[in-house]
Structures are given as C-alpha cells and as structure tokens.
Amino acid sequence: MNLELELADHNRRADPFGDVMPRLITIALITALLASACGNALDGVGELSRRIVHGDDEEIAVTTVAESTGIGLRGITDLVWWNDGLDGGNEGRLALIREVWQRGDGVSAYVQASRSEIAVALPGVEFPRLAPEAVTHVTSQLVYDPQTGLLDAATSAAFGLWAGEPYVAPRSEAQLVVLRVGLATSGEQETTDISSFSVGGGRELAWADGDYVYQLFCRTGIGEAACFAVAESTTPLAVLTVIQAPTDT
C-alpha cells in the first residue's frame, strides 16, 4: 500500500487506543503475558522454528535453547526503555508522526521515539516479550523518508536491545538484537512463516504479521533457537506500553 495513502487512511480513523482496549482487559492481558514471561518463559516457543529449520520429527527441549547457545532468555519487564521520557502530545497519529520528525535534525532518517509514540504511529505493531538475559536497555526510533518527513515504508521503526547503557560501548559489542519493522504489501501479508538467514555478524529472521514486516537481527553468540524464541514471543506494543519500566539512576 502506498505510504501516503495509508497515512491518509489512518487519519480518517478514530484513535485506535481510545475505546478498543479498556483498562481492565489490558491489565488482564498483561497479567497473562507476564506470567508466561516470568514463570516458564520458553513454554510453547520453538514450534515454528522446529518446523522450518529442523523438520517435523525433531523435538527440541526448552532447556536446549540456553544449553546450546550459552545465552538464556528473560522477560522484558525489567528492561529500561531508553526513550520513554520523550512522549509527545496526544493529538492523533499523523500529528504525532510530524511532531517526532520535528524532534530530529531533518537529515537523519532515524529519530528517537518512545514506545508509546511508536505504538500510536504504527497501530498493531508488535514487540518481543523475551530477550537475551544480558539485555538491560531498549532504544527505539521512528524511521522517516527525509525528503517527505513521512514514515519510511521499508523501515518505519527500529528497536535496539543493548547489554548495558546504549551508545557507550560499540554496537558490535553491546547491541545484541535489532528489530526493524516495515509496512507489509498485500502479498507479504499472506506470508507468516519465519525465514532465517545467516548474515554478517549474526543471523537475521524475517516474517510478516498483519500490516507489518519484521526483521530480527541476532548478533553472533545468540544461537538460532534462542533467536527464534525471541521472534515467536511478540505481543502488541500497545499492551507493553502500560508496563511501568525501571529507569536509570
């Protein structure tokens, strides 16, 4: 779908977060998500990765994720969202997108944005509720076409999962996972299987879900099974925005 047409279409819609998700339903859903993330976080994950990578007959025990990679997984409730203090006004989706763009320098396509802002700018977008256990911080940006000031269709948002304070150590050491989200075409919306690729510096997974295409990069040292587990744990970012995250002191 043409980006300008999609933006105009969304502008005609009501605020997606006004009446769609009443507070009580949201709290109940969060409770269920946190129970799965903090109880036995890997229960049920890996089914899709077994089918694609290993074949239907091979069974992978949950514990092999940590044993084979040396890196366990954790729920994201204790992670610091680096940009949560940037929340802008609540004047509607298009107004927010423009406001975040004006926050940047007009040159860089990547503009720092909070998880709440991204949830409004990209209704229905999802984010993993599992991360490598070494991850402590999440950075987040909306990504623009600098020529138009509109969200870029290929990559509309990006998230970095860091071991330690962001931008202090080199990315090649501290940024363990990167999630990029773009707008799905009509053909891509029909493809939900996860594809796995070996790329320089690690592994990349790609899949489509609803209106969006997701690309998850896991740095070398994070095994394929663990990377799949992260990808398969996605949940609506709008739900995760109401979780009170810790802050750096």
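Only heavy atoms go into these numbers, but all of them, side chains included; no hydrogens, no water, no symmetry mates. Residue numbers count from 1 along this sequence.
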(message) I need the minimum non-hydrogen distance between A169 and A174, along with the two atoms involved.
(response) CB-CB, 3.8 Å
(message) Between L216 and V177, is the side-chain contact (heavy atoms from CB on, under 4.5 Å) condition met? List the steps.
(response) CA-CA 7 Å; L216 182 75; V177 176; 3.4 Å; yes
(message) Applying the side chain to side chain contact (heavy atoms under 4.5 Å, CB included) criterion to E126, which one of T235, D209, L237 satisfies it?
(response) D209
(message) What I'd like to find out is whether the side chain of D84 reaches to under 4.5 Å of the side chain of S114, using heavy atoms alone.
(response) yes
(message) What I want to check is whether the side chains of S140 and W81 have a donor and an acceptor closer together than 3.5 Å.
(response) no
(request) Take Y167 and T139 through the side-chain contact (heavy atoms from CB on, under 4.5 Å) test and state the conclusion after the steps. (result) CA-CA 10 Å; Y167 310 115; T139 55; 3.7 Å; yes
(request) Among I76, L240, L179, find the one that has a side chain to side chain contact (heavy atoms under 4.5 Å, CB included) with P128. (result) L179
(request) Taking all heavy atoms of I222 and all of A226, pick out the closest pair and write down the distance. (result) CG2-CB, 4.0 Å
(message) Which residues pass the salt bridge (charged side-chain N to carboxylate O under 4.0 Å, His left out) test with R180, not counting sequence neighbours?
(response) E204
(message) What's the separation between atom CD in E117 and atom CG in L96, rounded to the nearest 0.5 Å?
(response) 5.0 Å
(request) For residues Y214 and T234, determine if any side-chain heavy atom of one lies less than 4.5 Å from a side-chain heavy atom of the other. (result) no
(message) Within this structure, what is the CD-OG1 distance for the pair Q215 and T155, rounded to the nearest 0.5 Å?
(response) 6.0 Å
(request) Quick one: name the residues clustered hydrophobically with Y110, using the 4.5 Å side-chain heavy-atom rule over I, L, V, M, F, W, Y, and just say none if it's on its own. (result) V143
(message) Is there a path of hydrophobic side-chain contacts, each under 4.5 Å between heavy atoms, that joins V181 and F197?
(response) no
(message) Once rounded to the nearest 0.5 Å, what's the spacing between atom SG of C227 and atom CG of L205?
(response) 4.0 Å
(request) Tell me, with the steps shown, if F228 and S196 meet side-chain contact (heavy atoms from CB on, under 4.5 Å). (result) CA-CA 9 Å; F228 264 101; S196 177; 4.0 Å; yes
(request) Identify the heavy atoms of A113 and L86 that sit nearest to each other, and give their distance. (result) N-CD1, 4.2 Å
(message) Which residue in the set L151, D152, L150 passes side chain to side chain contact (heavy atoms under 4.5 Å, CB included) when paired with Y144?
(response) L151
(message) What's the separation between atom CG in L79 and atom NE2 in H137, rounded to the nearest 0.5 Å?
(response) 9.0 Å
(request) Evaluate the side-chain proximity of R103 to V100: yes if any heavy-atom separation is below 4.5 Å, no if none is. (result) yes
(request) Measure across L130 and V230 and return the closest heavy-atom pair with its distance rounded to 0.1 Å. (result) O-CG1, 3.5 Å
(message) Any heavy-atom pair between the side chains of D211 and L183 that's under 4.5 Å?
(response) no
(message) Distance check, rounded to the nearest 0.5 Å: L73 atom CG versus R129 atom CZ?
(response) 11.5 Å
(request) With rounding to the nearest 0.5 Å, note down the distance linking CZ in R219 to CG in L161. (result) 11.5 Å
(request) Indicate the atoms forming the closest heavy-atom contact of F217 with G201, along with that distance. (result) CZ-O, 3.6 Å
(request) Taking the side chain as every heavy atom from C-beta outward, state whether Q175 and P166 have any pair of such atoms under 4.5 Å apart. (result) no
(request) Work out which heavy atom in T136 is nearest to a heavy atom in A163; give both atom names and the distance. (result) OG1-C, 3.9 Å
(message) Apply side-chain contact (heavy atoms from CB on, under 4.5 Å) to residues C218 and E224 and explain how you reach the verdict.
(response) CA-CA 8 Å; C218 296; E224 187 176 24; over 6 Å; no
